[in-house]
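Treat the numbers as computed from the prediction; the structure is a model and nothing was measured. Proteins come first, then strands; the chains are lettered A, B, ... in the order of their sequence lines, and each starts at number 1.
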Amino acid sequence: MTKQIKFIQGNEACVEGALYAGLDFFAGYPITPSTEIAEHLSKLLPQKGGKFIQMEDEIASMCAIIGASLTGHKVLTATSGPGFSLKQESLGYAVMAEIPCVIVNVQRGGPSTGVPTHVSQGDVMQARWGTHGDHSIVALTASNHQDVFAMTVEAFNIAETFRTPVILLFDEVVGHMRERLEIPEPGEIPLVKRLRTAVKGGVDYHPYLPREDGRLPMSDFGDVHRYNVTGLVHDMWGFPSDNPKIVHGLLRHLVDKIENNASQMARYKTFYLEDADTVLVSFGSAARSALHIVESLRPRGEKIGLLELQTIWPFPADIVSQYCNNAKYTVVVEMNMGQVCQMVKTTVRHPERVFLANRIDGVFITPTDIKNILRLIKGKGV
Amino acid sequence: MTKQIKFIQGNEACVEGALYAGLDFFAGYPITPSTEIAEHLSKLLPQKGGKFIQMEDEIASMCAIIGASLTGHKVLTATSGPGFSLKQESLGYAVMAEIPCVIVNVQRGGPSTGVPTHVSQGDVMQARWGTHGDHSIVALTASNHQDVFAMTVEAFNIAETFRTPVILLFDEVVGHMRERLEIPEPGEIPLVKRLRTAVKGGVDYHPYLPREDGRLPMSDFGDVHRYNVTGLVHDMWGFPSDNPKIVHGLLRHLVDKIENNASQMARYKTFYLEDADTVLVSFGSAARSALHIVESLRPRGEKIGLLELQTIWPFPADIVSQYCNNAKYTVVVEMNMGQVCQMVKTTVRHPERVFLANRIDGVFITPTDIKNILRLIKGKGV
Amino acid sequence: MERCRMVFSGSGGQGVITAAIILAEAAVLYENLTAVQTQAYGAAARGGATRSDVILADSPINFPKVIQPNVLVCLTQESYNKFFDIIRPGGLLITDTRFVKTQLKVDAVQKELPMYETVMEKVGKPIVFNICMLGAVVGLTELVTPESIMKVLEQRIPSGFIEMNRQALDLGLELGKKVK
Amino acid sequence: MERCRMVFSGSGGQGVITAAIILAEAAVLYENLTAVQTQAYGAAARGGATRSDVILADSPINFPKVIQPNVLVCLTQESYNKFFDIIRPGGLLITDTRFVKTQLKVDAVQKELPMYETVMEKVGKPIVFNICMLGAVVGLTELVTPESIMKVLEQRIPSGFIEMNRQALDLGLELGKKVK
Amino acid sequence: MAVKDYIRERFFPHLWCPGCGHGIVLNGLIRAVEKLGMSRNEMVMVSGIGCSSRISGYMDFHTLHTIHGRALAFATGVKLSKPELNVIVPMGDGDALSIGGNHFIHAARRNIDITAIVMNNRIYGMTGGQYSPLTGPGMMATTAPYSNIDQEFDVVEMARAAGATFVARTTAYHVQQMADIIRAAILHEGFSVVEVMSQCPTYFGRKNKQGSAVDMMKRMKETTTPIGSAAKAKNPELIERGIFVQVDKPEYCSEYNKIIERAMGGR
Amino acid sequence: MAVKDYIRERFFPHLWCPGCGHGIVLNGLIRAVEKLGMSRNEMVMVSGIGCSSRISGYMDFHTLHTIHGRALAFATGVKLSKPELNVIVPMGDGDALSIGGNHFIHAARRNIDITAIVMNNRIYGMTGGQYSPLTGPGMMATTAPYSNIDQEFDVVEMARAAGATFVARTTAYHVQQMADIIRAAILHEGFSVVEVMSQCPTYFGRKNKQGSAVDMMKRMKETTTPIGSAAKAKNPELIERGIFVQVDKPEYCSEYNKIIERAMGGR
Amino acid sequence: MAKAKLKEHRIDRDWCKGCGICVAFCPKKVLELDDQDKAVAVRIEDCIACRLCELRCPDLAIEVDTEEKVEEKA
Amino acid sequence: MAKAKLKEHRIDRDWCKGCGICVAFCPKKVLELDDQDKAVAVRIEDCIACRLCELRCPDLAIEVDTEEKVEEKA
Ligand SMILES: Cc1ncc(C[n+]2csc(CCOP(=O)(O)OP(=O)(O)O)c2C)c(N)n1
Ligand SMILES: Cc1ncc(C[n+]2csc(CCOP(=O)(O)OP(=O)(O)O)c2C)c(N)n1
Ligand code: SF4
Ligand code: SF4
Ligand code: SF4
Ligand code: SF4
Ligand code: SF4
Ligand code: SF4
Ligand SMILES: [Mg+2]
Ligand SMILES: [Mg+2]
């Protein structure tokens, strides 16, 4: 059988990935440039018995998917900058209550309404720190439709494995561009199912007690275990507590389950890095221009390569160190004021060798832009 | 004349500072532990002809103060974690539209509802990065009521000088504790008035064209200049534009006006730093415990001192480098998982000499906690 | 003066927090002392044992919480049970005879005073129980003068109630001085 | 095959974006080529000159935007004025005779085709103007086969409209081949 | 099942103040559920933040204690994703109609089968007595020291206008009526709103010199009357109690099932 | 002043689609303001985000183009801080009643002297045709491909229930009535709501096969009738136009001035 | 339903917060608060087992046990 | 108000988007769209200066100039 091939937008590729991963509930509110995700799901979800609901705003959408996750469903919402800002309070709730869910942010130019229809990658730090209080978060991204699909599936897998919200941080170019997507066969990408408790009815079930492997089995609302879910600090049954030991334990658990597994969650791609003395680090659509310039400079003898990050949070420090510590030049290519660049600087051995090749004017960064910046960095002028 | 002395809560000290600074409009929504700010202002503002309004939520409160700022008033809102998360979208609007306004966040234990009545300093990074898109922000804090007063006045002054929202990042202990406040005489602390344009009616006024000194004179709504205010990227008249040059120029302006003036905005205090080889860096209520331990170790011959940060954002990198670069040990004392510590590490010459002395369990960090951590850091065991 | 760390504890309606604030305010406004007052908030404050910390000193106070109080006041059994063992060795522990049975030995001067009974008998209003307690504390410790307390009260309460409060304060002072 | 970068431009209702998508989709689904299509969004897309970029190749396409197109199609004067000078030296510039007056010299092969007129005359429906344009492009460039285009159309539009589209496509093909 | 089987006994005595009306709502709710004889496993209680919202911690259902004002949005996700569950959403007046007002009107508009109970004490209890959109002009609150100038919502009118298909009002005093109404509300297929006037002696009562919990409940008795009573005609100031709206209209989850049928048929 | 004195000519032709009803609202609004003869300097227009919200960019007032759904909250700050200004808030149906529903009902409840104009095209125009809370069941939208199951709000009923003291409805077809009503609304002291039925031929019209802008306006003529008309009695499906509510009630800023007097007197 | 016959008032003294609601609204004045502010049934013989005290108690502290109920349980 | 007498229709061809609203609702069928889809007054003599075209134009593209108006301006 030949595989199903589609020629679609990145937003649709995300939809396809979500459906492949087993999505059965979506709540959202339209906003450019993420709207197509909602539009396609409003059509496709009911075809497989799933539910689509357009809520009154982004806050309600985030709340609704949390509710639906608790009944045992795989859930998604999608938005862009302003909506992502609005979701921060309820996103923090999902962190605290350890709710598996996936949030797409198709980034656009900010701050505020900004340039809504233009490309930007300016929400990287917000994804990490947007909600109040100490916490950790997972955020993935991709630069092409095959990867958008794969990372979407990955997002659901990580959400289920770690009982955590996962952010998909796409951008306008990837979201709106059309290209080829080959839908993998069922089973080709492994799926992580909701881990449900084996504890029988009548036996004490602890929704917030990690197993030895760190995972926390869940029980669906409506099932035999009645427990409590709250955004307050809570004990292993889910009931509120302000006992300092419990506070400390829970906060450490929430952060450690993500940060200590950073390597396990690190997804990335390498191109021509074996002998590279100039390492481009990039992600999302910017990585396309980065790869383009790498491939056009290689034939001219330049030892240049690309590290494309797909996991942005937890920041893949090990991977970045590994590939950049010995580089003469590390150049972060991104469409913001250096949000990932700053992280790379704090990670590598020689921060002074890290440079930023960026654009912030709403225009997609071109290979030529990068080439010019490389010349300047290397002291060769324009 | 003897000065007016009060024995009050930190939240009241903030109210006194705001009134001293010329506050005349407050909109808010109650939330622990910031509520007293609203309560006192509901009483005191109308006594001086000002306006207090309790809005339907925190979003509306933030929006209302922006509206009131545009009619030429000094404005304030106050909240805590969950409310601060909700304000992120409209806060970004204030950044983009360059609205002078002050937002108090009396921090409490997060994430989510967390431990609402307990102390924490966990919103430091959120204050910087909570809203979407590249931007910069000013955030001040204080550890005692005299400084709460002074920093509140400072917040209004910076808001007016730089046409920017300023965040006051207090915490539960400072907010709720009662101690002495001496109200300065009128004029004792200089106040920055709203800079209004000198341009006459009928002459073209540019609300978004910085003068040579970087300041942007305003014109009150209702006055002779009718212009446009928007959260979209805009030209010097305030009208939307997606011209890449304008996008670039505006974003750089918004960030540079803050970051390039970091030194001018750096407020801090030093204690016993002249000969200190161990430098504690702290802020807010944690700095009280830090100072306590410094003062109790000094008589025992330890060369220990304290750098108390009052400006958190823009991060006072120069000051931190100056005092910490040559220290044997830099120990950041804070009640979170190391949000300021991380910034200090990226700032100083020897990040490996920077340590964290923290608590995250909702209990106020004690001098003994710090003392114990100092022993451990120095390899002396418990 | 020696730095004095105090914890006032009791149940919600007894006014221990108000008493703590009045004491600290009197010290700051009328005795030129330094004082810091804090209290527990939230669920801890609602049910169960209310607690307020006060530190008085003649120099700046940095750390605002009390870990080992020199003076501990417990007005309910629950608060007594919860807090009795934080008393600083050699400190002063004041309890009310009506509400607290002191079964437990601590290394402190224990004063069991019939404050509630006295107030009910002589004033008849439970609302000034806390002021009587304050009188007892001041009587025993002489941290501030009764006049300073009265000045604070005069600022805070309607004039019609001043007399009642003065009476309660005096009753407390007497009780305190008597056992000193 | 040589990488071919194209820009289709015109005004909102002319269907240039749809045409671009159809071409790219045909290439990907039925010719085993690689293609990327992008377009302008927002105010730029609403009033004024609509633009869609397509790149066709037989290898991976990284940079998805077109800076200098090998093929530029302009269906309105406005889009012509805005975009004519981005054409790659030696490229192909296609305009419609009814809507565009080509006053400006560029280093490219210029083809002025009466696509709109032909469609209106032979089919009578302005709605298939874009398909005729596509036919002309394919006729001139032979990037994909007309059959592939038809396969895409058959998937996309109700069967009642297929014939009309085929007709428009053929008209375009002819126009294109004629001037080749 | 006995009353105590519906609660989580280990959290009793509960945290509400002496005489707090919210406890009576808890009591009435239990009676309603008891009579219905529904399994606790099919009951989900979703609440926001507030004194009232604590109720979910005390009930032995599936309980979801969320964030301030958003309970109905969470509940919508629960219900739509698993329509066989019975979803009850107790809310404070601030929770339901101040910060949560939008979710309230939209849940009503959709007519999704959720039972909303507005525990109306006319004050923000949890944060210490600020005025709410139900406080009403002339009343005192910690943020209305010169007396309140905010007009109040009429919960019944708001729910009706927004599209709720079951709308009722009762009080903590009229606990039997409360239990009956809540039972009818749970049975109703569609969005049901029950406003329960509940006393907060600690803040609303104290600030407004309304005396003890008992006094406040006496006032509930005196100032309310059954819908359409003769007393109301005489004294229009009286607040009506009873079921104001009870109509059949397409319920959201059922309608969505039809969408699914259509979508699946269309393949 | 001439019509063109009220607009910012340099942004014309405007960005709305051919035949968009929002342009007619702009037209009617200008006529209303023109008749009132108010100075442009005392007029503030506050809008959110949407096709409708673009209107503020075209008017030569003090204009505040805010974020989606929150215009009334910004406007409340403008008005309360400087009550002598006339504040007009044009809003899309999604802007006003979906994401902005809460601010809508609270502004109405407070009865603050702001004029809200709901430019109701029953769709999210700006984002490309998703259903709004005014779309109504049975209609098509890009997020309702199997037809919409969401019940709609009745703007008039919502505004009335929430406490607005001036509530009216008109259409883009009835532009003279529109101008008159907007004028009355601006003159009204208190919160006024004017729902204007406005056509979006590009999305609502196309998705629902309602033909051209002209066809959609003809439908407005046919499906509406003045309040209390004989036609309505015969055909209850007809939508009523006119002023539904016009009452005197304490206005928020005036009430606040009394608070200030009391507070200042109290010193 | 047969008319219930009172067996006993079960009052949980740990749960009772002494609000006096049961006392005030008992139609037969059966209940009182004792000196520790806990409800007690002092005129038990007057009780008509109407259960209003049970239903109105905000603390679920009072249960009116009747004969029927016992039978039901059996 | 005196009845207005028509002077001219001023139609801004740059602003007119050819929606046809003025054409469809002119009570006297005065207006038409030309081949570039711009409104033009073709039966100007029938115009009763009711201004409905002006009021309904979504693009403010049409102005009905009358004698009175001219006087007003003076
Ligand atoms: C986003 C947010 N804003 C504010 C608060 C603070 N807060 C908690 S409960 C509450 C109001 C409580 O009033 P109500 O809903 O009437 O319930 P009650 O306590 O009176 O039962 C407020 C303002 C919060 N927790 N979260
Ligand atoms: C917080 C936020 N969410 C979503 C959007 C995207 N958005 C912009 S306008 C709009 C709706 C427009 O519909 P409506 O308010 O009815 O106005 P119309 O365009 O129909 O006039 C939406 C969803 C946004 N800008 N901000
Ligand atoms: S504060 Fe009021 S609402 Fe809250 S528990 Fe106490 S009485 Fe009840
Ligand atoms: S999309 Fe609809 S509402 Fe928006 S401008 Fe076009 S016709 Fe008007
Ligand atoms: S009603 Fe309940 S809590 Fe109140 S006094 Fe009676 S038994 Fe005690
Ligand atoms: S059952 Fe009725 S009569 Fe008996 S004690 Fe309770 S309220 Fe009084
Ligand atoms: S109504 Fe206006 S835009 Fe439409 S055709 Fe007439 S003049 Fe042109
Ligand atoms: S003024 Fe009236 S009659 Fe004259 S063209 Fe316009 S609509 Fe027709
Ligand atoms: Mg309440
Ligand atoms: Mg709309």
Side-chain angles (χ1 to χ4, degrees), chain A residues 59 80-86 88-89 91-97 105 107-118 120 122-123 125-126 128-135 230-233 242 244-249 251-252 254-255 336-337 339 342 345-346 351 359-363, chain B residues 59 80-86 88-89 91-97 105 107-118 120 122-123 125-126 128-135 230-233 242 244-249 251-252 254-255 336-337 339 342 345-346 351 359-363:
Chain A
I59 298 175
S80 301
F84 194 54
S85 286
L86 284 173
Q88 291 304 329
E89 189 202 9
L91 179 60
Y93 183 90
V95 168
M96 184 58 122
N105 174 1
Q107 296 165 92
R108 62 188 225 183
S112 196
T113 316
V115 270
T117 53
H118 290 225
S120 163
D123 304 347
M125 288 300 281
Q126 183 196 29
R128 174 68 184 87
W129 294 109
T131 195
H132 59 282
D134 282 306
H135 65 280
T230 180
L232 287 159
V233 167
D242 59 7
K245 285 220 180 76
I246 289 183
V247 178
H248 186 106
L251 292 203
R252 278 257 61 98
L254 292 178
V255 170
N336 60 45
M337 289 189 179
Q339 300 185 17
Q342 194 51 42
K345 279 199 190 195
T346 66
R359 265 193 105 129
I360 55 167
D361 61 357
V363 178
Chain B
I59 299 174
S80 301
F84 194 55
S85 287
L86 285 172
Q88 291 304 328
E89 190 203 6
L91 179 61
Y93 183 90
V95 168
M96 183 59 123
N105 174 2
Q107 295 164 93
R108 61 187 225 183
S112 196
T113 316
V115 270
T117 53
H118 289 223
S120 162
D123 304 347
M125 288 299 282
Q126 184 197 26
R128 174 68 183 85
W129 294 109
T131 196
H132 61 281
D134 282 306
H135 64 281
T230 180
L232 287 159
V233 167
D242 59 6
K245 284 221 179 75
I246 288 182
V247 178
H248 187 104
L251 293 203
R252 279 256 61 98
L254 292 177
V255 169
N336 61 45
M337 289 189 181
Q339 300 186 17
Q342 193 52 41
K345 280 199 188 196
T346 66
R359 266 194 105 130
I360 55 166
D361 61 356
V363 178

*At a heavy-atom separation under 4.5 Å, does A:R128 approach chain B through its side chain, its backbone, both, or neither?*
neither
*Is it the side chain or the backbone of A:F84 that comes within 4.5 Å of chain B heavy atoms, both, or neither?*
neither
*Specify the closest pair of heavy atoms between A:T346 and B:T346, including all atoms of both residues, with the distance to one decimal.*
CG2-CG2, 3.0 Å
_Please rank B:G83, B:S80, B:P244 by heavy-atom pairs under 4.5 Å with chain A and give me the top one._
B:P244
*What are the two closest heavy atoms between A:S85 and B:G130, and how far apart are they?*
OG-O, 4.3 Å
*What residue in B:G109, B:S112, B:G110, B:G362 has the most heavy-atom pairs under 4.5 Å with chain A?*
B:S112
*Checking A:Q339 against chain B: side chain, backbone, both or neither under 4.5 Å from a heavy atom?*
side chain
*For each of B:G231, B:G92, B:P351, tally heavy-atom pairs with chain A at distances under 4.5 Å, and name the one with the top tally.*
B:G231
*Quick one: do A:Q88 and B:T131 satisfy side-chain contact (heavy atoms from CB on, under 4.5 Å)? Show the steps, please.*
CA-CA 9 Å; A:Q88 291 304 329; B:T131 196; over 6 Å; no
*Non-hydrogen atoms of chain A under 4.5 Å away: do they reach the side chain of B:I246, the backbone, both or neither?*
neither
_Validation row: B:L232, A:P116 side chains within 4.5 angstrom (heavy atoms)_ = yes
_Residue selection (most heavy-atom pairs with chain A, distance under 4.5 Å) from B:V247, B:V233, B:D134, B:T113_ = B:D134
*Can you tell which of A:M125, A:K345, A:R252 has the highest number of heavy-atom pairs within less than 4.5 Å of chain B?*
A:M125
*Side chain, backbone, both or neither: which part of A:V115 has a non-hydrogen atom closer than 4.5 Å to chain B?*
both
*asked:* Heavy-atom pairs under 4.5 Å with chain A: which of B:D123, B:I360, B:V363 has the most?
replied: B:I360
*With distance as the sole test, does B:Q126 use its side chain to make a donor-acceptor pair with the main-chain N or O of A:W129 at under 3.5 Å?*
no
*Looking only at non-hydrogen atoms, find the nearest pair between A:H132 and B:G81 and report the distance.*
ND1-O, 3.3 Å
*Could you tell me which non-hydrogen atom of A:M337 sits nearest to which non-hydrogen atom of B:V255, and how far apart they are?*
SD-CG2, 3.4 Å
*Would you mind telling me which of B:G122, B:G249, B:A94, B:P82 has the largest number of heavy-atom pairs within less than 4.5 Å of chain A?*
B:P82
